[in-house]
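Worksheet: the structure to be examined is printed underneath.
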Amino acid sequence: MRRSEVLAEESIVCLQKALNHLREIWELIGIPEDQRLQRTEVVKKHIKDLLDMMIAEEESLKERLIKSISICQKELNTLCSELHVEPFQEEGETTILQLEKDLRTQVELMRKQKKERKQELKLLQEQDQELCEILCMPHYDVDSSSVPSLEELSQFRQHVATLRETKASRREEFVNIKRQIVLCMEELDHTPDTSFERDVVCEDEDAFCLSLENIATLQKLLRQLEMRKSQNEAVCEGLRAQIRELWDRLQIPAEEREAVATVMTGSKAKVRKALQLEVDRLEELKMQNMKKVIEAIRVELAQYWDQCFYSQEQRQAFAPYYAEDYTENLLQLHDAEIVRLRNYYELHKELFEGVQKWEESWRLFLDFERKASDPSRFTNRGGNLLKEEKQRAKLQKTLPKLEEELKARIETWEREHSKAFVVNGQKFMEYVSEQWEAHRLEKERAKQERQLKNKKQTETEMLYGSAPRTPSKRRGLTPNTPGKVRKLNTTAMSNATANSSIRPVFGGTVYRSPVSRLPPSGSKPVITSTCSGKKTPRAGRHGADKENLELNGSILSEGSAPL
């Protein structure tokens with residue numbers, strides 16, 4: 001049943017009650033019947049008009065609600081399409097009034113969402129435009145006339161965030177490069193002379209366009225400035241080296257050197273200018289002291305000759321070294337030769353240092369060999385003998401290894417340069433072989449000399465007897481007399497026998513007497529004892545030389561030459 005019909009029925013019931021009540025009142029007050037009928041018609045007419053009016057209003061309200069519902073549904077469908085959401089569906093049965101209210105509420109909600117999305121889109125577009133102008137990048141492609149979906153907004157937000165990160169990284173790179181450029185310009189005393197350089201150094205950092213092209217141009221500018229700075233530093237360092245060399249050659253006093261110590265560091269333009277002025281001054285002074293400078297160069301030449309192991313023929317090949325006409329031409333020849341030698345030494349420095357190391361090890365080895373053949377070393381009481389023996393044993397192992405390493409490196413160098421590596425006028429390995437051969441021959445000669453000396457000493461002792469070796473412990477003996485020849489001869493033979501146990505330690509050879517001989521006094525013949533008898537050393541001597549006697553086998557062993 002419609003709401004208007006319900007209202008009509010309720011109105012009729014109310015009207016009937018009202019008329020009945022009026023009739024009762026009219027009857028009580030005595031109003032005639034015809035007047036009562038007339039008044040009843042008037043009341044009915046008013047009530048009818050009122051009901052008609054109410055019905056009309058209700059119908060009008062119904063029409064408005066239906067129209068509003070239709071409009072809301074259309075707008076709601078449009079909004080759902082624009083916002084890319086599902087159409088609105090009313091749940092369950094409801095009245096027209098509630099439906100209109102629900103639709104109107106949903107429309108307002110959709111309108112709010114649309115407005116928010118449009119506002120966010122506008123804000124993102126503004127941010128994108130600002131960032132793209134700074135980064136010189138194209139704008140984000142989006143339809144600003146339509147309502148963006150949630151996914152489109154999310155992608156746009158992510159794009160803007162990426163642009164912010166790109167801007168931050170490029171700005172950081174720009175600031176770092178700018179700082180280095182400013183430092184290089186200050187070091188070079190360089191003033192920005194191009195529009196780009198002025199934009200970088202003089203303008204506000206926020207106004208600089210952070211495009212990839214500008215960043216690449218910045219990096220190129222920095223490389224150019226750093227190259228100029230490196231070249232300037234190299235020139236300044238070269239001028240300083242030239243100044244030091246001229247100082248040494250001219251023997252400039254320390255007080256005069258300290259006067260220009262402030263320009264001996266740095267590479268600014270004013271430093272370079274000051275260094276050049278000092279070089280010019282020293283060059284002029286060098287021309288005035290030609291002989292002194294050439295002699296200083298000759299001292300340096302001799303040092304390089306020694307370091308490069310030049311032979312006498314190689315040294316004499318540089319004839320200007322021996323000239324005495326001190327001219328500028330002679331100085332130029334010496335300068336060119338010292339440059340050539342310096343470069344030659346630096347090019348082969350490792351090889352020369354290896355040869356120098358071998359030379360030092362070889363001298364130390366010969367020194368140990370010489371000490372090993374010296375009997376006086378057994379008087380050592382401080383333990384140095386043991387240290388020397390350890391060093392000598394270590395050197396006998398490392399020296400051949402060093403020779404093999406040098407041999408391999410020299411062979412590699414000779415293959416690369418297609419020429420022989422010469423030391424003191426001959427190939428290094430030939431030089432090493434000659435040194436070992438000379439050492440071997442020297443040992444053979446020394447050994448033969450010792451054998452010859454021991455042989456002569458033994459023959460002398462066999463003929464005349466040996467003198468006491470420790471006179472301080474035989475103070476009881478009296479000078480030889482004819483009456484005591486037999487006793488002294490026997491004592492001498494005993495001493496010879498006792499000393500025979502020590503002599504082999506020094507490499508001597510012991511011979512037996514081939515025949516017996518009579519004592520000079522002509523008394524009974526004396527039976528001579530052989531020299532093979534052993535005699536136990538006395539306690540005091542044994543205790544003092546215990547360390548040396550235990551090492552006598554290894555200390556006196558010969559050094560082995562490399563195969």
Side-chain angles (χ1 to χ4, degrees), residues 3 59-178 199-200 203-219:
R3 186 168 180 270
E59 291 293 336
S60 176
L61 176 61
K62 175 183 175 183
E63 291 177 357
R64 289 198 305 271
L65 288 176
I66 293 174
K67 184 178 180 180
S68 176
I69 289 173
S70 176
I71 294 173
C72 287
Q73 284 179 338
K74 290 181 180 180
E75 185 177 359
L76 189 60
N77 291 333
T78 303
L79 289 173
C80 289
S81 176
E82 290 178 342
L83 296 175
H84 304 282
V85 297
E86 294 294 330
F88 174 76
Q89 296 290 338
E90 183 71 24
E91 297 180 358
E93 295 184 359
T94 181
T95 62
I96 296 177
L97 184 62
Q98 184 64 37
L99 178 61
E100 192 272 341
K101 181 180 179 182
D102 292 342
L103 289 174
R104 186 161 35 84
T105 303
Q106 191 67 23
V107 166
E108 291 177 356
L109 180 62
M110 290 291 184
R111 287 174 181 172
K112 184 178 180 182
Q113 290 183 6
K114 178 180 178 179
K115 182 179 180 180
E116 290 176 351
R117 291 191 189 182
K118 295 287 284 186
Q119 288 177 347
E120 184 177 3
L121 177 63
K122 183 179 180 181
L123 180 62
L124 290 173
Q125 284 178 326
E126 292 175 355
Q127 295 175 356
D128 176 71
Q129 181 177 2
E130 180 183 358
L131 291 171
C132 289
E133 288 177 357
I134 295 176
L135 300 174
C136 295
M137 296 176 64
H139 298 290
Y140 187 77
D141 187 13
V142 62
D143 186 7
S144 58
S145 61
S146 63
V147 181
S149 64
L150 294 177
E151 183 180 359
E152 290 174 343
L153 286 176
S154 177
Q155 292 176 354
F156 202 175
R157 284 193 294 269
Q158 185 176 0
H159 173 73
V160 172
T162 303
L163 290 181
R164 288 199 188 96
E165 293 176 358
T166 304
K167 175 187 174 182
S169 62
R170 290 188 186 179
R171 178 176 174 79
E172 182 180 2
E173 185 177 5
F174 162 69
V175 171
N176 292 334
I177 295 176
K178 176 182 176 180
D199 290 342
V200 173
E203 298 297 331
D204 185 13
E205 293 181 355
D206 294 333
F208 186 79
C209 181
L210 300 174
S211 65
L212 290 175
E213 183 180 359
N214 283 351
I215 295 297
T217 307
L218 269 178
Q219 295 172 346

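Minimum heavy-atom separation, L135 to K167: CD2-CA, 3.8 Å. The shortest heavy-atom contact between E120 and L153 is OE1-CD1, 3.7 Å.
Within a 6.0 Å radius of CD in Q119, other residues, nucleotides and ligands contribute more than 12 heavy atoms. When the shell of 6.0 Å around NZ of K114 is examined, it contains 12 or fewer heavy atoms from other residues, nucleotides or ligands.
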Check step by step if side-chain contact (heavy atoms from CB on, under 4.5 Å) holds for E75 and M110.
CA-CA 9 Å; E75 185 177 359; M110 290 291 184; over 6 Å; no
Show, in sequence, the C-alpha distance, side-chain angles and deciding distance for R171 and F208, and conclude whether the side-chain contact (heavy atoms from CB on, under 4.5 Å) test is met.
CA-CA 9 Å; R171 178 176 174 79; F208 186 79; over 6 Å; no
Step by step, would you call K122 with K118 a side-chain contact (heavy atoms from CB on, under 4.5 Å)?
CA-CA 6 Å; K122 183 179 180 181; K118 295 287 284 186; over 6 Å; no
Step by step, would you call Q219 with I215 a side-chain contact (heavy atoms from CB on, under 4.5 Å)?
CA-CA 6 Å; Q219 295 172 346; I215 295 297; 3.9 Å; yes
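A distance of 10.0 Å separates NZ in K74 from CG in N77, rounded to the nearest 0.5 Å. Here I66 contributes atom CD1 and L61 contributes atom CG; the two are 9.5 Å apart, rounded to the nearest 0.5 Å. To the nearest 0.5 Å, the span separating CD on E172 from CG on L210 amounts to 12.0 Å. Note: L131 CG to E165 CD = 11.5 Å, rounded to the nearest 0.5 Å.
Between the side chain of S154 and the backbone N or O of L150, no donor-acceptor pair lies under 3.5 Å. The main-chain N or O of E213 is found under 3.5 Å from a side-chain atom of T217 such that the two form a donor-acceptor pair.
Classified by interplanar angle (parallel below 30°, tilted 30° to 60°, perpendicular above 60°), the ring pair Y140/H159 is tilted.
Applying the side chain to side chain contact (heavy atoms under 4.5 Å, CB included) test between Q129 and each of Q125, E133, Q127, E126 identifies E133 as the sole match.
Counted by atom type alone, R64 and S68 present zero donor-acceptor pairs between their side chains at under 3.5 Å.
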